[in-house]
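Written below as structure tokens is the structure these notes are about.
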Amino acid sequence: MKISFNMEDASQVFVGAFALAVPISFSEEAWRLGETLPLGNLMMLLALSVLFLGVFTYQSVFQKNIRQRLFVFVFRIFIAYMMTALVVSLVLFCLDKLPLFADPITSLKRVIVITMPASMGAIVVDSFDKE
């Protein structure tokens, strides 16, 4: 039974994140949401991302068996979200829509908005060959 996170898993997360981050990152609606969404709504979006990552990982990747692997379960959710946020950041940077130094708050908000759907793509692709 596989309980680690390796380079194959990382590449699957990157590919899944990229698959959804690219089309959404080209959307002006996503950029504007990143500029206008209130902090409370942004935190709800972040929480929903982590919740759905957790539910999907629990059901599909770990097949409801986390008793002996709780640390790996939490780590996989955390690393999938962070890797997805990195992919989203890189895509936005390439599109010149990540004003990191001029407006870091808007940059962070855009990353959070786009990371929500992209993280689901990341974890779905990561689950293809599990357990």
Atom pairs and distances, side-chain donor-acceptor, residues 98-110, under 3.5 Å, sequence neighbours left out:
{"residue": "Asp103", "atom": "OD1", "partner": "Thr106", "partner atom": "N", "Å": "3.4"}
{"residue": "Asp103", "atom": "OD1", "partner": "Thr106", "partner atom": "OG1", "Å": "3.3"}
{"residue": "Asp103", "atom": "OD2", "partner": "Thr106", "partner atom": "OG1", "Å": "2.6"}
{"residue": "Ser107", "atom": "OG", "partner": "Pro99", "partner atom": "O", "Å": "3.1"}
{"residue": "Ser107", "atom": "OG", "partner": "Leu100", "partner atom": "N", "Å": "3.1"}
{"residue": "Ser107", "atom": "OG", "partner": "Asp103", "partner atom": "O", "Å": "3.2"}
{"residue": "Lys109", "atom": "NZ", "partner": "Leu37", "partner atom": "O", "Å": "2.9"}
{"residue": "Arg110", "atom": "NE", "partner": "Trp31", "partner atom": "O", "Å": "3.3"}
{"residue": "Arg110", "atom": "NH1", "partner": "Lys97", "partner atom": "O", "Å": "2.7"}
{"residue": "Arg110", "atom": "NH2", "partner": "Glu35", "partner atom": "OE2", "Å": "2.4"}

Q: With sequence neighbours left out, write down each residue that passes side-chain contact (heavy atoms from CB on, under 4.5 Å) with Leu39, or none if nothing qualifies.
A: Met43
Q: Look up atom CG in Leu53 and atom OH in Tyr81, then write down how far apart they are to the nearest 0.5 Å.
A: 8.5 Å
Q.
According to side-chain hydrogen bond (donor to acceptor under 3.5 Å, both in side chains), who are the partners of Gln68, at least two apart in sequence or on a separate chain?
A. none
Q) Roughly how far, to the nearest 0.5 Å, is CG of Leu48 from CG of Asn41? A) 10.5 Å
Q: Would you give the length of the straight line joining atom OG of Ser27 to atom CD1 of Ile114, rounded to the nearest 0.5 angstrom?
A: 7.5 Å
Q.
Check for me, please, whether Val13 and Phe75 land in the same ILVMFWY cluster - side-chain distances under 4.5 Å, paths through other members count.
A. yes
Q: Measure across Ser119 and Ser49 and return the closest heavy-atom pair with its distance rounded to 0.1 Å.
A: OG-CB, 4.3 Å
Q | Value rounded to 0.5 Å, distance of CG in Leu33 from CD1 in Ile112 | A | 12.5 Å
Q. ring-ring contact (aromatic ring centres under 6.0 Å, His included) with Phe56: which residues, sequence neighbours excluded?
A. none
Q. So, the side chain of Ser11 versus the backbone of Glu8: is there a donor-acceptor pair under 3.5 Å, distance only?
A. yes
(Q) Please enumerate all residues that pass salt bridge (charged side-chain N to carboxylate O under 4.0 Å, His left out) together with Glu29, with sequence neighbours excluded. (A) none
(Q) As an exercise, state the distance from OH of Tyr58 to CD1 of Ile66, rounded to the nearest 0.5 Å. (A) 6.0 Å
Side-chain atoms of residues 82-96: list all donor-acceptor pairs with protein atoms under 3.5 Å, sequence neighbours left out, distances to 0.1 Å.
{"residue": "Thr84", "atom": "OG1", "partner": "Ala80", "partner atom": "O", "Å": "2.7"}
{"residue": "Ser89", "atom": "OG", "partner": "Ala85", "partner atom": "O", "Å": "2.8"}

Q. Val50 versus Phe78: any side-chain heavy-atom pair under 4.5 Å?
A. no
Q.
Let me check something: do Ile77 and Met44 share a hydrophobic cluster, defined by ILVMFWY side-chain heavy atoms less than 4.5 Å apart, either directly or through other members?
A. no
Q | Euclidean distance, Met116 CE relative to Leu42 CG, rounded to 0.5 Å | A | 11.5 Å
**Q.** Candidate pair Phe73 and Leu70, rule side-chain contact (heavy atoms from CB on, under 4.5 Å), full reasoning
**A.** CA-CA 5 Å; Phe73 171 72; Leu70 186 59; 4.1 Å; yes
